Amino acid sequence: MARALGTVSNVHPTKLRPVLYDVVDIDSLQRLAGHEETSVYAAFNYGKYEVVVDGGEIRLYESG
């Protein structure tokens, strides 16, 4: 996620502000994604983007 946001924002992922961990619980998403029998869907806003995680795919949409 951080790499995708960094790419579209033209910022190194470690320089993203706010820090991604302050916006969404990345560890929880990774734990859920680690269960083969569970399909993970999550959506949240980060700056001007809506981030959608669906299965193993990450999609970014510009909002407003």
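From a predicted model like this one, the values you see are computed outputs, not experimental measurements.
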Are Val53 and Tyr41 linked, directly or through other ILVMFWY residues, by side chains that come within less than 4.5 angstrom of each other?
-> no
Verify the neighbour count for atom CZ of Arg3: are there more than 12 heavy atoms of other residues, nucleotides or ligands below 6.0 Å?
-> no
If two hydrophobic side chains count as joined below 4.5 Å and joins carry through other members, does Val51 share a cluster with Ile26?
-> yes
NZ of Lys48 to CG of Leu60: how many Å apart, nearest 0.5 Å?
-> 11.5 Å
Is Tyr49 reaching over with its side chain to a backbone N or O of Arg59, donor-acceptor style, under 3.5 angstrom?
-> no
With respect to Leu5, which candidate in Leu16, Val23, Ile58 satisfies the side chain to side chain contact (heavy atoms under 4.5 Å, CB included) definition?
-> Leu16
State the CG-OH distance between Asn45 and Tyr61, to the nearest 0.5 angstrom.
-> 13.0 Å
Flag side-chain contact, heavy atom, 4.5 Å: Phe44 against Asp25 | no
